[in-house]
Amino acid sequence: MDLDALASCFASPACLVTQTTSGLIIGMLLFLVAVGLTLIFGVLKVVNFSHGAFYMFGAYFAMTAYQLTGSFALAMLCGAVGTAILGLIFERAFMSRVYGADVLMQLLVCYAFVLIFDDVVRMIWGPEFKSMGMPAAFQVPPLFIAGGVVPPYYLLLIGVALAAAVVLGLGLARTKIGKVIRAAAHNPGMVSALGINTGLIYGGVFALGGLLAGLAGALAAPVRSLTPGMGFSVLIESFIVTVIGGMGSILGALIGALLIGLIRSFGSLGFPLYTEGLMYLFMVIVLVARPTGLFGKEAA
Amino acid sequence: MESTRKPGVSRRATLALMGAGAATLAAPWVASAQAKTIKIGMPTILSGRVAQLGTSSRNAVLLEVEKVNAAGGLAGRQIEMVIRDSKGQPQEAARIARELVNTDGCEMLLDGEASSGSFAVHEVARDLGVLCIHTCSEASSLTADPKQHIPNAFRCVRQGIHDSIVGASYAASIAKAKGLKKWATCSPDYAYGRDTTGEFVLYLKKFAPDVEVISESWPKLFQPDYTDVITKILQAKPQALYSCLWGGDLTSYIDQANIYAMFTQMEVFAVNMADYTALTVVKNLPKGIHSGDRYIKTFPPTPENAAWGDAYKAKYSEYPTNWSWQNATAVMFLNEAVKKANSTDGKKVAEALTGLTIKCPFGADGTVTMRADDHTLVGYAIGWGTTIPKEPYVLDMKAGDWKTIFELEAEWKKSKGYT
C-alpha cells in the first residue's frame, strides 16, 4: 500500500489529469463491450458469454482492413460493421434457437462459441500474436494538459466512445426504433401481437451489441496485441461492469465502466499490489448495498 | 480353397528365413539396436497462448533431426520424433511423457515444456530412468538445486541466473556512464517475472551500488491494458526502466508506452525484446531499447549462426525463436554423445553427455558445454545490445563474460544453499 503516492497525486494537477484520462481510456473501452452485453441481456434476457469474441473479431477485422487499405477510418468501420454482421448471423443461426431453453443451455452454447471463435481466428490469422501498429497520423508526441500527459489517440478513443454512448442513449430514448426495443425488452409477447417482427429486433440488438464490441476491438487494435482468446480478459471485466452498473442498464454500464477505469488508474498508485482485488472488492460492496447493481431495476 | 505353392521360394530358403527369425527372437536387442528406428518423445506446447514457441521448438528439432538422419542417424538408427501437445499443462506434460516412453516405446525424451511443465517431466524421468534433455525451461533451480539432480536428466537451455548477471552487468555500465540512479521495474506478476526482476536488481545494485529502485509495477500475465502502469511509471519519473515482459504482453506495452513518449523520457532495458517473435511484430519499434539476446541471427556474429537462422527461415518462412536454438542444440548434443558412446543406450549416452563440449553455431566461442557437475548448458552466446526498427533489429551487442558469470553463479548457488 502506498497511500503517500496517492495523496501526492491528488495534490498535483498534472498527476490528476494523467491518471484521470488513463482511467477514462480503460473505462470507455470497457463501456463499449459492457454496454452490448447489458443491452443483449436487457432485451433478450440472455447472458452472452461469447461477447468477448466480438471484441476480438473487431480487432482482427480492423487490422486486416488497415493492412489492405492503409486507411484508419476504413479499419474502424470494417471492425465495427464486420462484427455487427457476425453478431446478426450468430443470433439468427444459433442463439435464436435457445431463447426458450434454460440458462445452462444458453451458457453452454455461448461457451462452445467462445472456443469455436478462438479456433476460427487461429485458423485464419494464426496462433501467434499480432500488432496492427499506430497509424502515422497519431504517431505524435503526447499533449500536456495542466502538466498531465494525454496521448492524442486516446482523446480520439474517448471521443468516439462517448459519441457512441450519447447516440445509443438518445436513440433508445427518443426514436421509434428505440421505443420498440424498450417495449420488446418489457413485454415481447405484446410487441409481437402488435405485428412487429421481434425476430428482427432480437437480431438487430445482437448486431448492435456486436457493432459496439467490434468498435472497441478496432479502437484497441493499434495499442493492444491481438491473440486468439484476447476477448476473454475483457469479458470478465465487462461482467464486473455490468454487475456494478446493473444488468440491462446503459447508464449503469457507463458509470460502472468509468468507475472501474478510475479504480484501476488511481488504485495502481495507492494499492499497486491489490488493484485487481480492488475492482472485485468494489463489486462486492455494490452488490451488498444494492443487489441489482447501481442502476439495475428490481425483477418484476 | 486351393492353394498353390508359389515358385521361387524353396523349402531350403524358407528354413533359412525361419532360422534367422528364431535367432532374432532369441536376441531381441540385436533387432532393436540395429534394425529399428530410434523413437525420441517430445512433449511441448502446441496450442494456447505460447503455441508459437512450442511450434518453433518442434520445427528446430525436425530441422536438425533431418540432418542427423541424412548423415546416417544415431549410431546407424534413423530418428523418429514423436511430438505431442501438452497444452502447457504440467499434469498433461507428465502424462504424455510417461505415455511416450511406456506406450510408444520412445527411448529418449526431449522435454519442450516451459518451467512449470518441465519439473513434472523431470519427475517422470526420475521415475522411469529414461534419458531426458530439458530444452525450454529457464528456471535456474531445475539444475542448480542438488535435490533435482538425476544422472539421466540434462538441461540444454539458457538460465535465468546467467541472464540476470549479464543483464545487470551491462545495465550497470550504462547506468554509470549516463548517471542513471533512479530505476523503475515493470514485470509480469508470476514466478518468472518476480524471480528474474529480483535477481536483476540484486546484481544491478552489486555492480552499481548507488542505483535505487523508486517504482515497481507488477501487471498480471496477459493483461490487455498497461495504461495505468505506464502513467504510474511516468509519474515516478525514473531515469531507467527494467522489464521482463515478453511476447504479446511486451508488444502491447511498447505500443501503449510509445504514445506516451515513454521511450524518450527514460532508458528502457527489456530483456526479452531481442527475439524475432516480438521484433517482427511491433510496428513502431523504438530505437535504443536495451535488450538481452534471445535468438537473433546476428549474435553470435558468425557465418554458422547466420546460415542456421537463414536455413530455418527458408524452411518455415519465419525466423527462429529462443526456444528454437535450444532445441536444435539438444539434438546436436544427442548426436555427438551417441557418437562418443558409440551406442544409443540411454545410460551410456548420459555418461557421454556429462561434461561434453561440442561445436555449435550458438556458442560464445563456437562451442557449448554440458557442464558435468549440474548437467546444464554453459558457454552459449549471451549479450545485450540496443534496438533499431528494422533488420538486423539489434546493434552493438556486447557479449557477456562467462568468467564473471561462473564466479557470481557460484556465489549465488552458495547463497541459496545449493552448494
Name the region of Gln256(B), side chain, backbone, both or neither, that has any atom closer than 4.5 Å to a heavy atom of chain A.
both
So which of Met230(A), Met132(A), Arg122(A), Glu128(A) has the largest heavy-atom pair count under 4.5 angstrom toward chain B?
Glu128(A)
Lys220(B) and Asp249(B) ion-paired at < 4.0 Å:
no
For the interface with chain B, which of Val150(A), Ile26(A), Leu269(A), Leu143(A) has the highest count of heavy-atom pairs at distances below 4.5 Å?
Ile26(A)
Using a strict cut-off of less than 4.0 Å between a Lys/Arg side-chain nitrogen and an Asp/Glu carboxylate oxygen, indicate whether Asp293(B) and Arg158(B) qualify as a salt bridge.
yes
I'd like to know whether Thr275(A) forms a side chain to side chain donor-acceptor pair (under 3.5 Å) with Asp228(B), so could you lay out the CA-CA distance, the side-chain angles of the two residues, the decisive distance to 0.1 Å, and finally the verdict.
CA-CA 10 Å; Thr275(A) 319; Asp228(B) 53 334; 5.4 Å; no
Check whether Pro222(A) gets within reach of chain B through its side chain, its backbone, both or neither, counting any heavy atom under 4.5 Å.
backbone
Can you say whether Ala261(B) sits under 4.5 Å from chain A via the side chain, the backbone, both, or neither, judging by heavy atoms?
both
Contacting moiety of Phe266(A), where chain B heavy atoms sit under 4.5 Å
neither
Please state whether the side chain, the backbone, both or neither of Asn284(B) comes within less than 4.5 Å of a heavy atom of chain A.
side chain
Option among Thr321(B), Asn322(B), Thr44(B) that satisfies the side-chain hydrogen bond (donor to acceptor under 3.5 Å, both in side chains) test with Ser56(B)
Thr321(B)
Among Arg224(A), Glu237(A), Glu276(A), which residue has the highest count of heavy-atom pairs closer than 4.5 Å to chain B?
Arg224(A)
Ser47(B) and Asp85(B): side chain donor to acceptor below 3.5 Å:
yes
NZ of Lys182(B): more than 12 outside heavy atoms within 6.0 angstrom?
no
Would Glu64(B) and Trp308(B) count as having a side-chain donor-acceptor pair, cut-off 3.5 Å?
yes
Pair Lys313(B), Asp310(B) - check salt bridge (Lys or Arg N to Asp or Glu O under 4.0 Å), show working.
CA-CA 5 Å; Lys313(B) 187 164 189 244; Asp310(B) 287 337; over 6 Å; no
Go through Val140(A), Val149(A), Ile25(A) and name the one with the most non-hydrogen pairs under 4.5 angstrom from chain B.
Val149(A)
Can you tell which part of Ser233(A) gets under 4.5 Å to a heavy atom of chain B, answering side chain, backbone, both or neither?
side chain
Leading residue by heavy atom contact count with chain A [cutoff under 4.5 Å; candidates Val282(B), Thr231(B), Thr55(B)]:
Thr231(B)
Take Thr277(B) and Trp246(B), measure what side chain to side chain donor-acceptor pair (under 3.5 Å) needs, and give me the verdict at the end.
CA-CA 9 Å; Thr277(B) 53; Trp246(B) 55 274; over 6 Å; no
Any idea which of Gly133(A), Ser8(A), Gly148(A), Ser131(A) has the most non-hydrogen atom pairs under 4.5 angstrom with chain B?
Ser131(A)
Proximity breakdown for Leu273(A) and chain B, heavy-atom pairs closer than 4.5 Å
side chain
